[in-house]
Colleague: 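Before I ask anything, let me first share the structure, which is written out below as C-alpha cells.
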Amino acid sequence: MGNSGNSGSNQMWGGRFAAGPSAIMREINASIPFDKALWRQDIAASKAHADMLGAQGIIAADDAALIAGGLDRVAAEYEASGVPENWDLEDIHMTTESRLAELIGPAAGRLHTARSRNDQVATDFRLWVRDAVDQAMNGLLDLQKALVARAGEHAGSIMPGFTHLQTAQPVTLGHHLMAYHEMVARDVSRFAAARVRMNECPLGSAALAGTGFPIDRTRTAAALGFDRPTRNSLDSVSDRDFALDYLMAAAQCSLHLSRLAEEFIIWASQPFGFVTLPDSLSTGSSIMPQKKNPDAAELVRGHSGRIIGCLTALMITMKGLPLAYSKDMQNDKPPVFEAANLLGLSIAAMTGMVAEATFRTERMRAAAELGYATATDLADWLVRAAGVPFREAHHITGAAVKLAESRGIALDQLPLEDLQGIDPRIDDSVYGALSVEASVAARASHGGTAPSEVSKRVAEAARALGLEE
Ligand code: ARG
C-alpha cells in the first residue's frame with residue numbers, strides 16, 4: 001500500500017512535471033479504490049489491443065506475445081490476492097500497466113501504443129455495464145418465472161382489487177401478480193434495448209481524435225464481443241449514455257420492485273393479513289417478541305430511492321461537459337457500481353418473496369366480500385338484464401348499497417322485496433351476479449381479471465419463458 005508520503009514525479013507522465021502531486025491531489029485523483037472492480041475488463045481489452053497491434057505489425061509479434069502472457073500473469077495475481085491500491089498509480093489502467101512492466105520489462109511500454117486511458121476506460125466500463133445488463137436480465141427472468149408460477153396457482157383466488165387503496169372490485173391474485181409480470185417484462189425489454197445500443201466498441205478512439213497508427217478496430221471490437229466499432233472518436237471517449245441507459249432501466253425496474261415490495265408490506269400487516277412472508281426474508285424485533293417484520297421488502301422500497309439517486313448523480317455529472325473527456329467522468333463508476341449492487345439484491349429479494357410467500361387466500365376472499373365490491377355487478381346486471389341505462393343503474397345501485405350499509409349486511413343479503421322497493425325491475429336472478437365469484441368470472445374481456453383470462457395470460461407468459469405449463 002503506497003498511499004502515504006509523496007513519491008516524486010509520476011512514472012507515466014512524469015516527464016512534464018518536476019515535482020510529485022501534492023497529497024490532496026493524489027487522493028482526489030485516485031480512482032483505484034473503486035475502479036479496480038474493472039480489472040477483468042481492463043485485462044481483456046488490453047489483450048485484444050495487444051493482439052491487434054501485433055497482427056497489424058504495429059508492434060513485433062514476440063512483444064505482443066510477451067504482453068499477452070504478462071497480462072495473464074497479472075490477472076492471475078489479481079485473482080489470487082486482489083488488486084493492489086497504490087494511489088500514485090491512480091487507476092486500474094496504470095496499476096495493471098505498471099505491474100506488467102515489473103513482470104515483463106520494457107516490452108510493456110509498447111502496450112499503450114495507439115490508445116489512451118480515455119478510450120481504455122470507455123471500453124472497460126462498457127464491458128462492465130454490459131455484464132451488469134446481462135445479470136439484471138437473468139435475475140429478472142427468475143422473477144418472471146416466480147410471478148408466472150404463483151399467478152398460475154392463484155388464477156382463481158379472489159381478493160379485493162383497489163383503487164385509492166379502497167376496495168373497488170373483486171380481482172384474482174393471479175391477475176394482480178401478472179400485472180407485475182407485465183412491468184418486469186417491460187424492464188427486461190428496456191435492458192435488452194440498452195444492451196443493443198451500447199454494444200459498440202470505443203477502443204481505438206485514443207485520446208479524442210483517433211490515431212495515426214494503422215489499427216484494426218473491427219478486430220478489437222469482435223474480440224471483445226462488440227457488434228462493431230463506434231463511429232466518432234470524440235463521442236466515443238466522452239459518451240456515457242450506455243451507463244445512463246443502464247441506470248435508467250435500473251431506476252425504472254427498481255421502481256416496479258419498490259411497488260411490489262410495498263404490496264407485500266401492506267398485505268403482511270395484521271389488519272390485511274393477506275400474506276405470510278417467508279421467514280428467510282423477514283426479521284424479528286429486539287423488544288417485541290411477536291413481531292415479524294418485512295425488512296427485506298422495506299429495503300427494496302428504500303433501495304429504489306438510492307438507485308434513482310445514482311441515476312440523478314450521473315446525469316448531473318454529465319450534463320455540463322463539453323467534448324471530449326473531462327475528469328468529472330471518473331465519477332461515473334461509483335453510482336453505477338452502487339446501483340448494480342442494490343438492484344441485484346432487490347431483484348433476488350423480491351424473487352424469493354414471490355416464490356416463497358404463503359398467500360392467505362381465505363383472508364383475501366373474505367376481504368373481497370367487504371366494501372360492496374360487487375356494486376358494479378349490480379349496476380351491470382341492471383343494464384344487461386333490465387335494459388336500464390348505465391347512469392341510472394349506477395344511481396339505483398347506490399341506493400341499494402346505502403340500504404345494505406345501514407343494516408350492516410352485504411348486497412346479496414338484501415331481501416328481494418327490499419331490492420324491488422328500490423327498483424321494481426330487479427328480479428331474483430340478480431343474486432347470481434352478486435357473488436364475488438360471479439363478479440370476477442364476468443370480467444372476461446381481453447386482459448380482464450376472469451380466471452379464464454388470467455389462465456390464458458399465464459399460459460402465454462409461461463410459453464414465452466420456456467416453462468412447462
Ligand atoms: N481513471 C480515469 C477515469 O476513470 C481514466 C481516464 C483518465 N484520462 C485522463 N485523461 N486523465 O476516467
Colleague: Checking the side chain of D119 only, and the main-chain atoms of S116 only, is there a donor and an acceptor separated by less than 3.5 Å?
Modeller: yes
Colleague: Are the charged groups of D279 and K292 less than 4.0 angstrom apart, N to O?
Modeller: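 Yes, this pair counts.
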Colleague: Rounded to the nearest 0.5 Å, what's the gap from CG on L257 to CD1 on I347? Could you check?
Modeller: 6.0 Å
Colleague: Backbone N or O of A45 within a donor-acceptor pair of the H49 side chain at under 3.5 Å?
Modeller: no
Colleague: Give me the atom names and distance for the closest heavy-atom approach of L343 to A136.
Modeller: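 The pair with the smallest heavy-atom distance is CD2-CB, 4.1 Å.
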Colleague: Could you walk me through whether R463 and E460 pass the salt bridge (charged side-chain N to carboxylate O under 4.0 Å, His left out) check?
Modeller: CA-CA 5 Å; R463 261 198 304 283; E460 287 163 8; 5.4 Å; no
Colleague: Just how far is it from atom CG of L147 to atom CG of D142, taken to the nearest 0.5 Å?
Modeller: 11.0 Å
Colleague: Cut-off 3.5 Å, side chains only: do S439 and Q169 have a donor facing an acceptor?
Modeller: no
Colleague: Where do D124 and D35 land on the side-chain contact (heavy atoms from CB on, under 4.5 Å) test, with the steps shown first?
Modeller: CA-CA 10 Å; D124 295 359; D35 70 16; over 6 Å; no
Colleague: Examine H154 together with F359 and report whether their ring centres are nearer than 6.0 Å.
Modeller: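 Close enough - the centres of the two rings lie under 6.0 Å apart.
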Colleague: Closest approach of A122 and F242, non-hydrogen atoms and distance?
Modeller: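 So the minimum-distance heavy-atom pair works out to O-CZ, 4.1 Å.
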Colleague: Between E362 and R365, is there a side-chain N and carboxylate O pair less than 4.0 Å apart?
Modeller: no
Colleague: Tell me every residue that passes salt bridge (Lys or Arg N to Asp or Glu O under 4.0 Å) with R190, counting only those two or more places apart in sequence or in another chain.
Modeller: D187
Colleague: Would you say the side-chain atoms of H176 and E263 include a donor-acceptor pair closer than 3.5 Å?
Modeller: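 The answer is yes; a qualifying pair exists.
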Colleague: Checking S46 side chain against D42 main chain: does a donor-acceptor pair fall under 3.5 Å?
Modeller: yes
Colleague: I would like to know whether W39 and Y78 meet ring pair (Phe, Tyr, Trp, His ring centres under 6.0 Å); could you show each step before the answer?
Modeller: CA-CA 8 Å; W39 74 260; Y78 289 171; 5.5 Å; yes
Colleague: Anything under 3.5 Å between a donor and an acceptor, one on a side chain of residues 313-326, the other on a protein residue two or more places apart or in another chain? List them.
Modeller:
unit_1	atom_1	unit_2	atom_2	d
T317	OG1	A313	O	2.8

Colleague: Run through N199, T230, V121 and flag the one making a side-chain contact (heavy atoms from CB on, under 4.5 Å) with R126.
Modeller: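 For R126, the side-chain contact (heavy atoms from CB on, under 4.5 Å) test succeeds with only one of N199, T230, V121, which is T230.
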Colleague: Do D91 and S31 meet the criterion of a side-chain donor-acceptor pair at a distance under 3.5 Å?
Modeller: no
Colleague: Which atom names give the shortest non-hydrogen contact between T123 and P202, and what distance separates them?
Modeller: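 Scanning both residues completely, I find the closest heavy atoms to be OG1-CG, 3.5 Å.
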Colleague: Please answer whether the main-chain N or O of C253 pairs with a side-chain N or O of R186 as donor and acceptor at a distance below 3.5 Å.
Modeller: no
Colleague: Does a donor on one side chain and an acceptor on the other come within less than 3.5 Å for S205 and R115?
Modeller: no
Colleague: Tell me whether R150 is salt-bridged to E153, with the criterion being a basic N under 4.0 Å from an acidic carboxylate O.
Modeller: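 A salt bridge is present here (some side-chain N lies under 4.0 Å from a carboxylate O).
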Colleague: Please check this pair: side chain of R117 against backbone of H93, looking for a donor-acceptor N/O pair closer than 3.5 Å.
Modeller: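 Flag not set: sc R117 to bb H93 has no pair under 3.5 Å.
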Colleague: Determine whether I307 and L255 satisfy the following criterion, side-chain contact (heavy atoms from CB on, under 4.5 Å), listing intermediate values before the conclusion.
Modeller: CA-CA 9 Å; I307 292 170; L255 188 156; over 6 Å; no
Colleague: Do the charged groups of R110 and D63 touch, with an N to O distance under 4.0 Å?
Modeller: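 Here R110 pairs with D63 in a salt bridge, since their nearest N and O are under 4.0 Å apart.
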Colleague: Does a sphere of radius 6.0 Å around CD1 in I28 hold more than 12 heavy atoms from other residues, nucleotides or ligands, not counting ones at 6.0 Å or beyond?
Modeller: no
Colleague: Should R457 and E453 count as an ion pair when the cut-off is N to O under 4.0 Å?
Modeller: yes
Colleague: If you count every heavy atom of other residues, nucleotides or ligands that lies below 6.0 Å from R219 atom CZ, does the total exceed 12?
Modeller: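 Yes, enclosed.
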Colleague: Examine distances only and state if a side-chain atom of S233 and a backbone atom of L208 form a donor-acceptor pair shorter than 3.5 Å.
Modeller: yes
Colleague: If you measure from CD on Q56 to CG on D216, what distance do you get to the nearest 0.5 Å?
Modeller: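 The CG atom of D216 is 4.5 Å from CD of Q56, to the nearest 0.5 Å.
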Colleague: Under a 4.0 Å threshold between the charged nitrogen and the carboxylate oxygen, would D134 count as salt-bridged to R195?
Modeller: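 Yes, this pair counts.
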Colleague: Strictly below 4.0 Å, N to O, side chains only: are E90 and R26 in salt-bridge contact?
Modeller: no
Colleague: So, for S452 and A444, which heavy atoms are closest and what is the spacing to 0.1 Å?
Modeller: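 Answer, listing the atom of S452 first, then A444: OG-CB, 4.3 Å.
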Colleague: Please confirm whether the backbone N or O of P451 pairs with a side-chain atom of R443, one donor and one acceptor, at under 3.5 Å?
Modeller: no
Colleague: Hey, can you tell me if F162 and F274 have their rings parallel, tilted or perpendicular (30° and 60° cut-offs)?
Modeller: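 Ring orientation of F162 relative to F274: parallel.
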Colleague: Hey, could you give me the CD/CZ distance between E85 and F34, rounded to the nearest 0.5 Å?
Modeller: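 It comes to 10.5 Å.
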Colleague: Looking at E200 and R231, does any basic side-chain N land under 4.0 Å from a carboxylate oxygen?
Modeller: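 Judged by the 4.0 Å cut-off on N to carboxylate O distance, E200 and R231 do form a salt bridge.
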